[in-house]
Number of protein chains: 2
Amino acid sequence: MKNKEIQEKRIKNYFVEATREILKGEGLQAVSVRNVADRAGYSYATLYNYFKDINELIFVCVSDFQEECKIFVAGKSSKKTKGTERLKASVLAYIHYFVEYPGIFDLFYLAKPTGAGINSAALHLIAKSLDDVCEEDWNYCIRENLIPAENIENLKSQLRFSVTGMLLFYMNRRYPETHDEFLLQVKKQMDTIIKN
Amino acid sequence: MKNKEIQEKRIKNYFVEATREILKGEGLQAVSVRNVADRAGYSYATLYNYFKDINELIFVCVSDFQEECKIFVAGKSSKKTKGTERLKASVLAYIHYFVEYPGIFDLFYLAKPTGAGINSAALHLIAKSLDDVCEEDWNYCIRENLIPAENIENLKSQLRFSVTGMLLFYMNRRYPETHDEFLLQVKKQMDTIIKN
DNA sequence: TAATTATATTTGCAGTGTTAATAATTTTAG
DNA sequence: CTAAAATTATTAACACTGCAAATATAATTA
């Protein structure tokens with residue numbers, strides 16, 4: 001009965017791949033049962049044989065994008081000198097990722113996790129998304145005593161809420177109005193939270 | 001031709017009132033053209049004689065709620081001693097308002113301003129929402145030299161993004177899981193940003 | 001009172017998510 | 001290798017959504 005499992009997993013993945021493509025390309029609002037099934041090469045009702053509802057399917061994509069984001073960030077901050085400088089570069093790259101793919105921002109922070117497939121694992125992944133992406137940077141700062149260990153958790157929280165708040169305002173409320181202003185604001189906030 | 005205007009304004013207000021009621025009660029997801037028109041006592045197509053689309057109608061409610069929020073906050077923080085203490089109480093009351101009315105949080109921070117009625121005035125109002133609610137508190141702190149004047153704008157930004165970020169995580173991502181944990185986190189963040 | 005204008009409603013269309021009944025396929029049993 | 005059983009995919013249908021054009025009603029003006 002192992003074949004059944006890997007076959008099911010394969011078909012599930014066709015739907016997930018289709019969803020990911022739509023999310024990255026046209027955005028969250030373009031993800032619909034019919035649209036996804038079309039791209040996956042199945043009838044729309046077939047989707048319900050593999051996922052409880054469209055919401056479950058959408059949130060299944062979170063872990064893939066988180067992984068992709070991690071690689072994206074690592075590629076952008078690897079050249080920087082380790083320490084608070086690279087930490088800031090990682091945060092900046094994290095922000096860059098979501099500005100580049102607004103559909104993924106919508107998925108991570110705006111989409112409502114309703115219906116049968118609440119997928120609390122995905123919600124947890126999102127809550128720890130920035131921490132996860134910056135994990136190595138934080139660890140280095142602790143090892144090298146660049147930041148007092150007892151401050152780390154508080155700093156992580158500050159960064160998490162501040163970054164998410166700025167992204168929310170910029171992506172969803174057109175504030176600030178220009179991308180340059182936005183980046184300036186991000187750097188200012190980062191410098192306020194992460195001294196040196 | 002003044003009668004025409006006040007009549008039109010009256011009917012517009014019937015739709016706005018209905019929308020506000022639904023937003024506060026059942027939430028943003030319950031606001032639909034049919035639902036609003038039903039409650040307003042009109043056919044749903046009539047709505048389009050007074051508003052470009054449902055999105056415009058929704059964002060028209062922002063100023064009313066902002067006003068209501070201001071009164072809500074003032075009532076909760078008026079007893080506190082002026083200064084940073086009352087400032088923190090105001091921020092806490094602001095958060096309390098949106099936790100009490102999730103539909104209004106959805107409107108302020110989650111709803112997509114798409115379609116014909118982008119209503120950039122409403123977006124600006126939202127961006128300055130917390131600053132507006134805390135205006136008196138900030139002014140008092142400046143007058144009494146409780147906070148260096150050159151820090152004010154940066155502190156406002158920090159508070160704005162941090163508070164919105166925390167609200168977003170708590171309301172939309174179930175993080176933290178309990179209300180007590182959430183309040184503890186809010187207080188911690190506030191104390192970090194506003195010293196004394 | 002009749003014609004004109006303004007307002008409201010009905011009808012219709014193209015979407016959405018989801019489910020039940022049906023069709024096609026694959027697997028199992030004889 | 002064929003017949004029955006189980007699995008999987010599809011069509012049809014329902015109740016929604018936002019929105020627009022055509023139609024009906026009401027109010028205003030001539």
**Request:** Assign B/V31 to base, sugar-phosphate, or nothing according to its heavy-atom contacts below 4.0 angstrom with the strands shown.
**Result:** sugar-phosphate
**Prompt:** Can you check whether A/H124 and B/Y175 have ring centres sitting under 6.0 Å from each other?
**Reply:** no
**Prompt:** Under 4.0 angstrom, heavy atoms only, what part of the nucleic acid is B/S43 near: base, sugar-phosphate, or nothing?
**Reply:** base
**Fill in**
Taken to the nearest whole Å, NZ/B/K12 to P/C/dT7 is 12 Å
**Asked** In whole Å, what is the span from the CD atom of A/Q7 to the C1' atom of C/dT27?
**Response** 11 Å
**Request:** Kindly state whether the ring of A/Y97 and the ring of A/Y101 have centres lying under 6.0 angstrom apart.
**Result:** yes
**Prompt:** Taking CZ from A/R34 and C1' from D/dA12, how many angstroms apart are they, rounded to a whole number?
**Reply:** 11 Å
**Prompt:** Quick one: A/D38 CG to D/dA9 P, roughly how many Å, whole number?
**Reply:** 16 Å
**Check ion pair B/K82-B/D137 (N to O, under 4.0 angstrom)** = no
**Message:** Measuring from the side chain of B/T46 (C-beta onward, heavy atoms only), which nucleotide among C/dT7, D/dC19, C/dT9 has the closest atom?
**Reply:** C/dT9
**Request:** May I have the distance from A/F51 (atom CZ) to C/dT18 (atom C1'), rounded to whole angstrom?
**Result:** 16 Å
**Prompt:** Which class fits the ring pair B/F182 and B/Y170: parallel under 30°, tilted 30 to 60°, perpendicular over 60°?
**Reply:** parallel
**Asked** For B/F15 and D/dC19, what is the distance between atoms CZ and P respectively, to the nearest whole Å?
**Response** 14 Å
**Request:** Starting at atom OH of B/Y50, determine the distance to atom C1' of D/dA20, rounded to an integer number of angstrom.
**Result:** 17 Å
**Item:** Closest nucleotide among D/dA9, C/dT18, C/dT7 to the A/Y48 side chain
**Value:** C/dT18
**Item:** Whether A/F105 and A/Y109 hold their rings parallel, tilted or perpendicular, with breakpoints at 30° and 60°
**Value:** tilted
**Request:** Please state how far atom CG in B/N49 lies from atom P in C/dT5, giving the value in whole angstrom units.
**Result:** 18 Å
**Prompt:** Any N or O donor-acceptor pair linking the side chain of B/Y44 to the base of C/dT11 at under 3.5 Å?
**Reply:** yes
**Item:** Selection from C/dT16, C/dT9, D/dA9 that lies nearest to any side-chain heavy atom of B/A45
**Value:** C/dT9
**Message:** Need one value for A/L57: base, sugar-phosphate or nothing, where a base atom within 4.0 Å counts as base even if backbone is also close, heavy atoms only.
**Reply:** nothing
